[in-house]
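Below: the structure, in structure tokens.
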Amino acid sequence: MPDPVGKLPSELDQLPDRDAEETAEWAASLDAVTEHAGPHRAAYLMRRTLQHAERGGVPVPALLETDYVNTIPTAAEPAFEGDEAMETRIAGWNRWNAAAMVTRGSRLGVGGHIATFASAAWLYETGFNHFFRGKEGDGSGDQLYIQGHASPGIYARAFLDGRLTEAHLDNFRQEAGGKGLPSYPHPRRLPWLWEFPTVSMGLGPLSAIYQARFNRYLTNRGIKDTSASHVWAFLGDGEMDEPESTAALALAAREGLDNLTFVINCNLQRLDGPVRANFKIVQELESQFRGAGWNVVKSLWGTAWDELFALDTTGALVRRLREVPDAQFQTYATRDVAYIREHFFGAEPALAELAKLLTDAKIDECFHSSRGGHEARKVYAAYRAALAHKGAPTVVLAQTVKGYTLGTGFESRNANHQMKKLSGDQFRTMRDLLGLPIPDSKLNDELVPYGHPGADSPEVRYLQERRAELGGPAPARRVHAVALPEPSEKAFQSVYKGSGKQSVATTMAFVRLVKDLMRDKETGRRWVPIVPDEARTFGMEALFPSAGIYSPLGQTYDPVDRDQIMYYKEAKDGQILNEGITEAGSMADFIAAATSYATHGETMIPFYIFYSMFGWQRTGDQMWQLADQLGKGFIVGATAGRTTLTGEGLQHADGHSHLLAATNPASLNYDPAFAYEIAVIVKDGLRRMYGPDAEDVFYYLTVYNEPMPQPAMPEGVEEGIVKGLYRFKEGVPAKADSPRLQLLASGTAIHWVLAAQELLAAEWGVTADVWSATSWGELRRDALEADEALLRGEQRTPYVTQALDGAPGPVLAVSDWMRQVPDQISQWVEQDYSSLGTDGFGLSDTREAARRHFGVDAHSITVAALAQLARRGEVPASAVKEARERYGL
């Protein structure tokens with residue numbers, strides 16, 4: 001119950017106190033300090049006491065927030081192992097060329113971003129010179145997730161080290177000719193440089209966490225020792241607002257991923273203004289990461305602040321730094337010293353007295369440029385601390401000025417994200433600040449020059465020597481393509497035979513096939529099953545005891561179902577990634593596994609199975625990330641279709657995923673009707689993705705939870721299955737002049753169409769051929785390629801046109817998807833074409849009722865077929881009316 005003051009009792013009030021008198025003495029001591037020295041002193045003593053207890057291993061709650069100062073004091077910084085003057089010159093050239101590249105491109109209107117790299121230059125330069133391991137040394141090297149808007153600076157450095165030319169830089173954002181540089185990190189556009197696409201903000205941090213975890217997975221499963229690899233994710237403080245950015249922080253801490261470091265560039269600005277205008281983003285992030293279990297290293301102030309902190313004998317400066325909101329501090333970076341003296345130091349008498357001891361030059365330096373993220377020594381110390389910390393991931397919170405070195409017109413201005421160019425005068429100011437040997441005669445507002453000290457200059461030699469010592473250039477993507485052997489035919493043959501009288505859902509057929517493929521001696525261990533916590537829904541529990549669920553801790557408990565055959569088994573070398581309720585995390589897992597062939601030179605075969613509705617709809621951005629990163633594997637939308645998932649209703653009923661998937665050029669999309677079709681598609685997918693002529697594609701299959709007898713595979717249908725269409729069952733005419741039509745169906749709709757075929761023949765004298773359309777999307781892709789060939793003067797007939805050539809009567813296409821899905825092929829079908837589908841919202845009911853509601857059941861198909869024939873004059877119009885009445889439509 002609340003006390004009279006209205007405060008709830010704490011958990012401490014519920015614990016027995018062995019020595020109430022001693023407790024009272026401690027409380028009285030704190031009260032005395034508060035009374036005589038003030039609450040600030042009391043708070044200081046409490047924080048120091050808690051920190052001391054934490055360091056000593058005393059189990060007390062950890063502080064979530066520390067003072068607004070550097071974690072590593074200047075006196076505790078390690079010796080800087082480099083030539084700071086040389087690295088400053090290198091950083092200067094990179095700053096210049098990044099700004100020049102974007103400014104030159106702006107003449108053509110292609111844009112670009114300057115301010116982000118200007119703030120983060122030292123965060124990257126220090127890493128490239130001292131920390132980031134390349135791919136030419138032992139192991140896989142480090143994985144670098146570069147902040148998307150900082151790409152000009154990475155291109156500038158690649159220009160300095162000789163990997164890019166001026167011609168490359170002048171083609172920034174001009175890719176149509178095939179020689180340009182993509183705007184952001186895009187592996188598909190520049191596959192020798194970029195490893196990870198990151199500019200869809202939020203996906204970079206999420207993917208980095210799961211990449212670090214997958215590195216551990218490879219090690220624990222004995223596939224590759226990745227213990228020397230470190231994942232570095234460079235992020236913006238504004239980017240941390242994206243929910244994906246922080247979605248997996250607890251996972252990283254829970255699994256002790258000390259092979260992971262986040263570097264958050266805290267320039268206090270997002271795209272339109274301050275990140276936390278009335279608050280402090282650094283303190284907020286510190287609390288968030290500490291609360292999740294991360295090690296936090298703050299690098300906020302440069303060495304110029306050392307004098308100020310030394311003079312702060314009362315703690316007034318530290319208190320003031322804690323209370324000034326970000327937007328006000330951004331203002332200080334743009335105002336003169338008089339303003340700072342009045343509004344910052346004038347806040348209390350102790351600060352005013354401190355300010356009297358400071359020159360205007362010192363205040364100017366501190367508030368306008370001296371940040372922890374702008375000094376190599378500060379960044380170096382933070383990175384060393386990150387690598388030294390064991391047992392948890394580290395986040396480095398580095399404070400910077402957005403637009404730093406670009407001049408007063410750029411620095412800390414709200415609009416600097418949208419500012420795409422510098423004037424000649426601004427370049428002169430920048431040149432003088434950076435001390436670059438570029439003459440005035442080459443500076444004008446028309447075409448600012450690139451700068452390079454020379455291929456044999458001390459700067460370039462130093463840069464290249466540092467990279468050679470660290471294992472080669474970075475960032476870099478390397479592919480050592482090694483084709484996987486074809487798995488044993490035995491697994492496929494068992495599916496080709498069908499299920500006889502046993503009813504088997506295609507979801508179960510797929511899982512059984514993969515289970516058999518995982519037993520293959522050559523390739524079985526390379527399968528990576530991924531599922532977001534509903535493995536039992538998809539019949540995958542049989543994999544638990546045999547493959548094991550991956551956990552770096554193994555199984556530290558006795559599972560409740562241990563006495564059952566299919567018990568829940570976790571293991572350090574477990575093969576299954578059972579991710580909990582997170583489709584985003586599961587997709588991040590999939591991307592890490594799907595690109596392991598490049599990241600680690602180890603080809604893995606991931607398959608990710610999920611509730612169909614929560615794939616493309618929920619994580620479509622990651623599907624594009626997968627395509628950009630050139631990932632390979634099988635994405636499986638289970639419980640597919642709008643009418644098969646009885647009882648679940650609107651939110652679970654998927655009738656549109658194939659439409660969304662069709663927009664992705666790297667996704668090969670199939671909607672198989674039978675188990676043997678799945679086997680053929682998977683076999684072809686293994687060949688196309690992992691064979692000698694491997695392609696950078698991935699497969700999307702939809703499978704259903706509707707148990708049906710699975711027929712044996714007819715002869716000669718493999719090509720049609722792969723290409724997207726084949727005749728499954730030819731109709732037998734009752735008489736020579738019977739009306740005819742063609743019924744096309746995909747997925748579970750084949751069963752309604754087969755029933756309609758029988759109704760049409762038995763009750764209406766109409767002959768229908770039934771075709772299985774395994775992929776509307778592949779039929780369309782082939783047809784589009786044929787159209788493109790025509791533009792080049794080549795004559796090629798689309799496969800769908802060839803397949804249906806001469807087929808009598810109109811075509812009626814049916815699926816458990818929106819009509820736009822089968823309508824993808826309509827323009828290449830020469831016969832009269834119409835379709836039926838499940839447009840609209842899903843609903844809860846029986847399958848039969850749902851299909852009647854959407855007009856795709858056998859009776860509705862029969863009526864639609866008769867109506868199509870009636871329009872052609874091949875059956876009387878009265879037959880359509882009679883059929884409607886007979887079937888109650």
Side-chain angles (χ1 to χ4, degrees), residues 39-40 43-44 47 63-71 115-116 119-120 149 201-202 205 235-243 245-246 249 262 264-292 296 298-301 305 308 312 315-348 350-352 355 363 366-373 395-404 408 410-419:
H40 295 305
Y44 173 81
R47 287 198 302 273
L63 286 170
L64 293 185
E65 185 180 317
T66 61
D67 285 324
Y68 203 63
V69 296
N70 294 347
T71 302
T116 293
S119 66
H149 292 139
M201 287 188 283
L235 317 167
D237 48 0
E239 181 178 4
M240 301 311 293
D241 284 345
E242 291 283 6
S245 294
T246 55
L249 297 186
F262 275 17
I264 302 182
N265 178 17
C266 299
N267 56 33
L268 312 186
Q269 289 181 245
R270 47 190 175 200
L271 307 187
D272 286 329
V275 179
R276 291 291 182 272
N278 295 297
F279 304 93
K280 301 188 79 63
I281 186 60
V282 170
Q283 301 300 87
E284 179 182 318
L285 291 174
E286 179 183 27
S287 297
Q288 196 168 14
F289 278 86
R290 282 184 179 274
V296 178
K298 293 196 289 192
S299 183
L300 307 181
W301 309 112
W305 283 82
L308 276 70
D312 183 30
L317 175 62
V318 173
R319 289 197 301 273
R320 182 67 174 143
L321 290 175
R322 283 175 61 90
E323 69 188 21
V324 173
D326 284 353
Q328 185 61 49
F329 211 90
Q330 181 189 1
T331 299
Y332 291 146
T334 65
R335 300 299 293 269
D336 58 24
V337 172
Y339 179 92
I340 296 169
R341 284 186 181 275
E342 177 185 354
H343 293 273
F344 181 84
F345 291 102
E348 61 173 283
L351 281 177
I363 293 176
C366 287
F367 282 81
H368 293 150
S369 61
S370 185
R371 301 289 189 276
V395 59
V396 174
L397 303 176
Q399 187 168 216
T400 66
V401 174
K402 192 168 185 177
Y404 182 59
T408 56
F410 260 88
E411 293 179 352
S412 291
R413 301 295 176 177
N414 280 342
N416 60 20
H417 185 77
Q418 284 73 36
M419 296 163 72

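All figures in this text were calculated on a predicted structure; none of them were measured in a lab. In what follows, every heavy atom counts, from backbone to side chain, and hydrogens, waters and symmetry copies are set aside.
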Quiz item: How many angstroms lie between atom OG1 of T400 and atom CG of N267, to the nearest 0.5 angstrom?
Solution: 4.5 Å
Practice problem: Taking the side chain as every heavy atom from C-beta outward, state whether F279 and D326 have any atom pair closer than 4.5 Å. | Solution: no
Quiz item: Pick from K298, R276, Q288: which one makes a side-chain contact (heavy atoms from CB on, under 4.5 Å) with Q283?
Solution: K298
Practice problem: Might you point out which heavy atoms bring S245 and G202 nearest each other, and give the distance in Å? | Solution: OG-CA, 3.3 Å
Self-check item: Distance, nearest 0.5 Å, that separates CZ of R371 from CG of N265
Solution: 12.0 Å
Exercise. Decide yes or no for Q330 and V275: does some side-chain heavy atom of the first lie under 4.5 Å from some side-chain heavy atom of the second?
Key: no
Quiz item: Any donor and acceptor pair, going by atom type alone, linking the side chain of H368 with main-chain N or O of D336 inside 3.5 Å?
Solution: no
Quiz item: For the atom pair OG1 (T246) and CG (D241), what is the distance rounded to the nearest 0.5 Å?
Solution: 9.0 Å
Practice problem: Just jot down the salt bridge (Lys or Arg N to Asp or Glu O under 4.0 Å) partners of E342, sequence neighbours excluded, or say none. | Solution: none
Quiz prompt | Any side-chain heavy-atom pair of E242 and L235 under 4.5 Å | solution = no
Exercise. Provide the closest heavy-atom pair for F410 versus G403 in the form atom of the first, atom of the second, distance.
Key: CB-O, 4.2 Å
Practice problem: Start with the C-alpha gap between L285 and F262, add the side-chain angles, then the distance that decides, and say whether side-chain contact (heavy atoms from CB on, under 4.5 Å) holds. | Solution: CA-CA 12 Å; L285 291 174; F262 275 17; over 6 Å; no
Exercise. Return the set of residues passing salt bridge (Lys or Arg N to Asp or Glu O under 4.0 Å) with E239 (not counting sequence neighbours), or none when no residue passes.
Key: none
Quiz item: Do any N or O atoms from the side chain of S287 and from the backbone of L64 form a donor-acceptor pair under 3.5 angstrom?
Solution: yes
Quiz item: For the residue pair F367 and F329, is the inter-centroid distance of their aromatic rings smaller than 6.0 Å?
Solution: yes
Practice problem: List the steps and the verdict of side-chain contact (heavy atoms from CB on, under 4.5 Å) for T66 and R290. | Solution: CA-CA 10 Å; T66 61; R290 282 184 179 274; 3.7 Å; yes
Exercise. Applying salt bridge (Lys or Arg N to Asp or Glu O under 4.0 Å), name anything that partners R322, two or more places apart in sequence or on another chain.
Key: E65, D67
Quiz item: Which is it for L317 and L351 under the side-chain contact (heavy atoms from CB on, under 4.5 Å) test, yes or no, and what are the steps along the way?
Solution: CA-CA 7 Å; L317 175 62; L351 281 177; 4.1 Å; yes
Exercise. Indicate yes or no: at least one non-hydrogen side-chain atom of M240 is less than 4.5 angstrom from one of F289.
Key: yes
Exercise. Show the numbers, then the answer: is there a side-chain contact (heavy atoms from CB on, under 4.5 Å) between D312 and R320?
Key: CA-CA 11 Å; D312 183 30; R320 182 67 174 143; over 6 Å; no
Quiz item: Say you draw a straight line from CD of E286 to OH of Y68; how long is it, rounded to the nearest 0.5 Å?
Solution: 10.5 Å
Quiz prompt | Side chain proximity check, I363 to F344, heavy atoms < 4.5 angstrom | solution = no
Quiz item: Rounded to the nearest 0.5 Å, how far apart are CD of Q399 and OG of S119?
Solution: 11.5 Å
Quiz item: What pair of heavy atoms forms the shortest contact from P325 to A277, and how long is it?
Solution: CB-O, 3.3 Å
Quiz item: Do the side chains of L321 and W301 get nearer than 4.5 Å, heavy atoms only?
Solution: yes
Quiz item: Are any of the side-chain heavy atoms of Y332 and V324 separated by less than 4.5 Å?
Solution: yes
Quiz item: How many angstroms lie between NZ in K402 and CZ in R413, if you round to the nearest 0.5 Å?
Solution: 14.5 Å
Exercise. Give the minimum heavy-atom separation between C266 and D237, together with the two atoms involved.
Key: CA-OD2, 3.2 Å
Quiz item: Heavy atoms, side chains only, cut-off 4.5 Å: are W305 and L300 in contact?
Solution: no
